[in-house]
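Note that the structure is predicted; figures quoted are calculated from it, not measured. Letters A, B, ... are given to chains in the order of the sequence lines, protein chains preceding strands, and every chain is numbered from 1.
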Amino acid sequence: MCLGVPGRVVEIRGSMATVDFWGVRRQVNLDIVDEPVQPGDYILNHVGFAIRRIPDESIAETLALYEVLLKEAEEDVMAADVRGEIEAGSRS
Amino acid sequence: MSAVTGRVSLKQGGGGRAMRALIERLFIADFASMPFDGVGLAAMDDGAAIPIGNEFLIVTTDSHVIKPIFFPGGDIGRISICGTVNDLAMMGATRPLGLTCGVILEEGFDLALLERIQQSLVATCREAGVVVITGDTKVMGRGEVDGIVINTTGVGMTKRPMRDNALEPGDRIVVTGTIGDHGLAVMAARHGLELEGDLKSDVAPINSLIEAALHACGDSIHAMKDPTRGGLASALHEMAAKSVVGIVLNEQKVPLTDAVRAAGEILGIDPLHVANEGKAVIGVAANAADALVATLRTHPLGRDAAVIGTCVTERPGSIILDTGFGRRLLAEPDGEPLPRIC
Amino acid sequence: MSDPLKFRDPEMARSLAATLARLVDDIGRPVAVMHVCGSHEQAIAKFGLRSLFPKNLNVIMGPGCPVCVTDVPEVDEGVVLAEQGVHIATYGDMLKVPGTVKSLADAQACGAKIHVVYSPSQAVELARRMPEEEVVFFATGFETTAVATAAVIVDNPPKNFSVLSAHKYIPPVMEIVAEMPGSRVEGFLAAGHAATITGWEVFEPFVLRHNLPVVVAGFEPLDILAGLVELVALIKDGTPRVVNTFPRCVTREGNMAAQVELWRVFRATGGRWRGIAHVPNGNLRLRDEWAHVDARKRFTIDVTGLWNYAPPHLAHECICGDIMAGIKNPYDCTLFNKSCVPETPVGACMVSNEGTCKIWHLYGGVPDLSEIEVPA
């Protein structure tokens, strides 16, 4: 229910920012964004308003999160394999 | 005799299912049953083909009501010429014999603006190698028509009318360039979406492009259509349904400009659902696909030509979209797409 | 930096999907989870993600389409105002939603002045351009969108501008769904952009009360897959918690400035959600201090005239409510794909781009397309 699109702030004039979305620019209102915004920052645009300043480090954070999820599940699988071997061992 | 009730709504002009349903019910049914030797209304193709001797006379007509009149990359004058020239080309008539041009003006329409439109008409005719040979002008009272309406009709000859219904399983689907340019540029302009950037219409006459394609691969080309209102999705649905084949479309291979991709994301509109005014969709035998793309790319209007899909026997009439993650069915658009918030 | 396309890497998607499949296998029985966000469903449908989900995982779309849940009387209010000659500015999504007798699009076909806008600021601009005309912004959407409405209201809009609020608030409806008899939902995927405003802490009481995990997820394909992996992992572990997999946009407390603005302008009241019936605190209405921009106070909106028409008999057979609650699916409906299709929708689920029925109609339900071979 929220078509929010991230874009990069190019220029700020008062409470309006010119935001670049992969080559297309639009004016976005900064009245309700959560933190002060500077040119070069990324914001999340929803219906013409910035609702979030996307912190630089969050991209790396997100990618790291995926790696953790994949690894945790792998460990689970490995644990299951080990359990399986132990059971097989105890039956023989 | 059925009683037709209700009112015409805007979505019936949008080029999708709603428009086809209206046309079929109200206009086609009676005319299709009247005797005609050739490709007529029942075929709902880009034009009609009248057999004359051992050739065919292709006729097509189009009315233009586009708003705004001047949009990024073009104007109503340019699109009036290109729309008809391209429809003729889609049927195989790439050298029009002549165009008509009928104009309906609202009282009070600015004459300087009219002159700009006329100059655009002339320039586009020169580009396409065609001439307007007859026309008509009417003026209606203020408020009785919205600004300006232009109708153009074109005629041309061809030995073999190219249809949109003869795809075969195994055929490749080729587009002559980037998709979604016109629709998104006009949508952005019309809704005052104030998107600056490289978003502009692709409106252009492609008759010389198509002539080159037919010259190089004519025998291997089984179907052609220009994806105007309703976009690539509509055109493919029609071709698939009429040909009784399914089409597997590789979404990653559809050429899009960055600006169109971005505008589509921002507005929540699929570039596959919006109009193109300078492109063609071509169904070609598999072994000629690469040659066709190579030929198209030598032409300035075909630089981004690409193979984007394949015809299959399964799910006739459906478009199966390979998104890069998985497959889903591509819907037929149901009228004019609207920017959405959700 | 932020090339959002980094979250669309097909390789990573396949890895996450494989992980999801393994986790569901480990659980060893069918698992049902629910998301309450139309944009999640749009993304799932658009990217063809359902073909990646394991067969034993049912990802149900709950009542997360604000267009679908905008109730008939609210659409009627908009239609009545439009027919009174007032200019209505509305989001594109709402144009075709059926009211008792007609939608705003139908009213437009009969001459009403309806304008599609992309932002509430555009509605204000419209009012400024036509000072002699009344312009009403038909405000729909959840809290994410409501904050934008609040922002224009506090920013001194012109005298001829007012707001008809049909905004909704999502957290209360999760309660309703969790308590519905017959509900087999074991976990929720929460809407990432709404949570950008409210923060993820708003789900903690819910988790405690219902013992169900909630994972906040974004909208890129990898966001959704990762969110589901985390959710199924929590279900498998039996540890109901709130987990945020969308740190780019969501923090614990959320966007405080936006929250302050939101509750300054709106109050939550009980109201009817189409198909769900009463949702306590589910509707957002303007506080009394803002009566001067409240369309309901400025105009007399008498919808009873519309109710002189007998409601279409088909409405009784519409099961949108059950579909939105995840209890039934479109194929269970006698009207689906027969008398209820996008051209002639009976319920809102068929109107909105996010409606389950519309999506199933357009995308062919959940067809298995994997076996279609493409000749080389």
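- Atoms OG1 and CZ, from T251(C) and R52(A) in turn, are 5.5 Å apart once rounded to the nearest 0.5 Å.
- Heavy atoms closer than 4.5 Å to chain C are found nowhere in D41(A), neither backbone nor side chain.
- Residues V229(C) and Y66(A) fail the side-chain proximity criterion, which asks for heavy atoms closer than 4.5 Å.
- Between the side chain of R248(C) and the main chain of D56(A), no donor-acceptor pair closer than 3.5 Å is present.
- Proximity to chain A involves both the backbone and the side chain of E230(C), based on heavy atoms less than 4.5 angstrom apart.
- Residue contact with chain A, scored on non-hydrogen atoms closer than 4.5 Å, is absent for D25(C).
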(request) Just do the side chain to side chain contact (heavy atoms under 4.5 Å, CB included) check on I197(C) and I51(A) with the steps written out, would you? (result) CA-CA 7 Å; I197(C) 303 295; I51(A) 60 173; 3.9 Å; yes

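- Residue contact with chain C, scored on non-hydrogen atoms closer than 4.5 Å, involves the backbone of V33(A) exclusively.
- Annotation: side chain of T19(C) is not in contact with side chain of L69(A) (no heavy-atom distance under 4.5 Å).
- Top candidate by heavy-atom pairs under 4.5 Å with chain A, chosen from V147(C), D155(C), L262(C), is V147(C).
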(message) With side chain to side chain contact (heavy atoms under 4.5 Å, CB included) as the criterion, how do T144(C) and F49(A) come out once you've worked through the C-alpha distance, each side chain's angles and the decisive distance to 0.1 Å?
(response) CA-CA 10 Å; T144(C) 332; F49(A) 285 79; over 6 Å; no

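- Under the 4.5 Å side-chain criterion, counting only non-hydrogen atoms from C-beta, H193(C) is in contact with L44(A).
- Ranking S15(C), A151(C), S121(C), A148(C) against chain A, the residue ahead of the rest is A148(C), based on heavy-atom pairs under 4.5 Å.
- Here the side chain of D34(A) pairs no donor or acceptor atom with the backbone of A257(C) at under 3.5 angstrom.
- The backbone N or O of V47(A) lies less than 3.5 Å from a partner atom in the side chain of S119(C), making a donor-acceptor pair.
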(message) Test side chain to side chain contact (heavy atoms under 4.5 Å, CB included) on E35(A) and N255(C); report intermediate values, then the result.
(response) CA-CA 8 Å; E35(A) 277 170 23; N255(C) 181 339; over 6 Å; no

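- Taking all atoms of both residues into account, the shortest heavy-atom contact from G48(A) to Y118(C) is N-CE2, 4.0 Å.
- Options G218(C), A226(C), C249(C), A18(C) differ in how many heavy-atom pairs under 4.5 Å they form with chain A, and the most are formed by C249(C).
- The shortest heavy-atom contact between T62(A) and P247(C) is OG1-CG, 4.1 Å.
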